[in-house]
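Scope of the values below: all heavy atoms of this structure, side chains included, with no hydrogens, waters or symmetry mates. Protein chains get the first letters and strands the later ones, always in sequence-line order, with residue 1 at the start of each.
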Amino acid sequence: MKMKSKYIMIPAVMLMLSIAWSSCKKDNPVDEDGLLITTRAQCYVSNFELLGSDFVTVRTKPAAIDTTAQTINVEVMFGTDLKNLYPQFELVTDAKLDPKITGKTDFSDLANPRSWTVVSGNRQVRKAYKVIITVQKR
Amino acid sequence: MMIIRNKIVSLYTAPLFAVLALASCKKQEYELPTASTNLQNDAIKRTIGPNLVTGTINFAYALAIVPEKGKLSSIEVEASIAGAAGTFLDNNSYYTAGNGADVGVPVGSASVTNGAITKVTFNKDTSAATLRYTYVIPEEARGKTVSFKFTGKSSNGETVTYTMGPYTISTMDIKRLLAVSNNNLAFISIADMAVYNSVQAAANASKIDVVYLFRNLTTSAFNHALVSPGADTSYLPGVTLPAGVNRSTKLRKVFNLQDYNLALLQFGIYIDDLDFQQIDLNDSPNFAINLRAEAGVWAETADGKYKAYIYINSVNAAGTAVISMKRWTVPGK
């Protein structure tokens, strides 16, 4: 009987270990995108870039980001193809963007600026940013 | 109790046996493969990228026989579509010298092409040789597939064959290194794959798709530009278009797409028929300004007949540039 209990011990210990390990996962909440929900409440855009169809920047100078007015003012070069632009947002740690940017974006309707919402790391704060484009004069 | 114990023991012994079985495989002695003493051959295709009409496809064909059995007598290549003028089979067998250079050793008479068959007859005692075959793609092969049958013969009557292909021949056209200049050779025709001055452009008004211009403005970065004649006049400052030149070509700026056929740089990037088939330029503008060397534009002509990629090989601040283009005819147009 002694021999028998020895052999049973090994798998039993391994089983317990695996249960203990898997239980750790319960402490990390994730959102609908599988991203970690953290405690951070900051919610702002830290940098903004705009690329043309050739993936080269179309800005004439750095974008002016106003975190109070929640606007991003960008002047683009004369002759920019406004229908085929690739915006790039840099956000505060753990924040995310809604809606997601999936490819080229049409900015040609200058009278109605496009807007994106920044969602904080704790997913409790949401701030909509308007991207206002002006075209450089020739 | 004994049953349980046996079960557990077997759990441990099974992997042990597996390990032993695996290790035992290594005991087999390696034997050098015995080479066939028959006439043998092999072939590789040496060119990569799309097969363009007027371009070439190169092959290396190797043939060998054991010296005691005979020597090589001839090599012939049959193309499924006869090659254009310039198609030949090199009568040199090459080896690579210590400095990396290819050194050719003549082994036969100059190749003779008769229709689709190109042949070299050996006139030196040769046991092994690798000959290079250059096929110049003829116009009649455009959009079709071509395959090649290599046949080697030896003095003892043996014959071997090797088939390569089929290879699809591109429907694209290519034109390299066209000089354009501000206010002079400024009118580019994709339909003709040519550059015209204003007098010639007036005579070919319906074929002018793009205008080249250079403007050094202080208020904006205009520089070198490719603008379609139908674009807003703000993109054509100071340009007087010849009568009837008014086509609106869709243009999309690209940077860093150094197609090997156009740029002749070291980058192994090729624009192929598939790229033209898949690209959608419907929402593209009809101007592309502030272009640099090694930039380019995708273009689609106003009548939808052609799609093209115009590459800028070089630019000069005096208002000149050198361009190259690949053009694809849209099927059914």
**Prompt:** Out of A/Lys137, A/Met77, A/Lys83, which one racks up the most heavy-atom pairs below 4.5 Å with chain B?
**Reply:**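 Top option by heavy-atom pairs under 4.5 Å: A/Lys137.
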
**Request:** Count the heavy-atom pairs under 4.5 Å between each of A/Asp54, A/Asp106, A/Val56 and chain B, then report the option with the highest count.
**Result:**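 When all of A/Asp54, A/Asp106, A/Val56 are compared, A/Asp54 has the most.
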
**Message:** Suppose the criterion is side chain to side chain donor-acceptor pair (under 3.5 Å): which pairs have a residue in residues 68-77 of chain A, not counting sequence neighbours?
**Reply:**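 Qualifying pairs: A/Thr60-A/Glu75.
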
**Request:** Return the set of residues passing salt bridge (charged side-chain N to carboxylate O under 4.0 Å, His left out) with B/Asp283 (not counting sequence neighbours), or none when no residue passes.
**Result:**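 With neighbours one apart ignored, the set is A/Lys104, B/Arg252.
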
**Message:** Applying a heavy-atom distance below 4.5 Å, give me the residues of residues 228-249 of chain B that approach chain A, sorted by number.
**Reply:**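 Listed by number, the contacting residues are B/Thr233, B/Ser234, B/Tyr235, B/Pro237.
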
**Request:** Could you tell me which portion of B/Asn256 (side chain, backbone, both or neither) has an atom closer than 4.5 angstrom to a non-hydrogen atom of chain A?
**Result:**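 Contact with chain A is absent: no heavy atom of B/Asn256 under 4.5 Å.
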
**Message:** If you define the side chain from C-beta out and look only at heavy atoms, does anything of B/Val254 sit under 4.5 Å from B/Trp298?
**Reply:**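 They are in contact (side-chain heavy atoms under 4.5 Å apart), so the answer is yes.
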
Cationic N near anionic O, under 4.0 Å, [X] to [Y]:
X	Y	value
B/Arg142	B/Asp173	yes
A/Glu32	A/Lys96	yes
A/Asp33	A/Lys100	yes

**Request:** Please determine if B/Arg292 forms a cation-pi arrangement with B/Phe255, meaning its NZ or CZ atom is less than 6.0 Å from the six-membered ring centre and no more than 45° off the ring axis.
**Result:**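 Ring-cation test returns yes.
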
**Item:** ring pair (Phe, Tyr, Trp, His ring centres under 6.0 Å) partners for A/Phe55, two or more places apart
**Value:**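 Expected list: A/Tyr86.
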
**Asked** Taking B/Pro285, B/Ala288, B/Ser284 one by one, which has the highest count of heavy-atom pairs under 4.5 Å against chain A?
**Response**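 Option with the top pair count is B/Pro285.
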
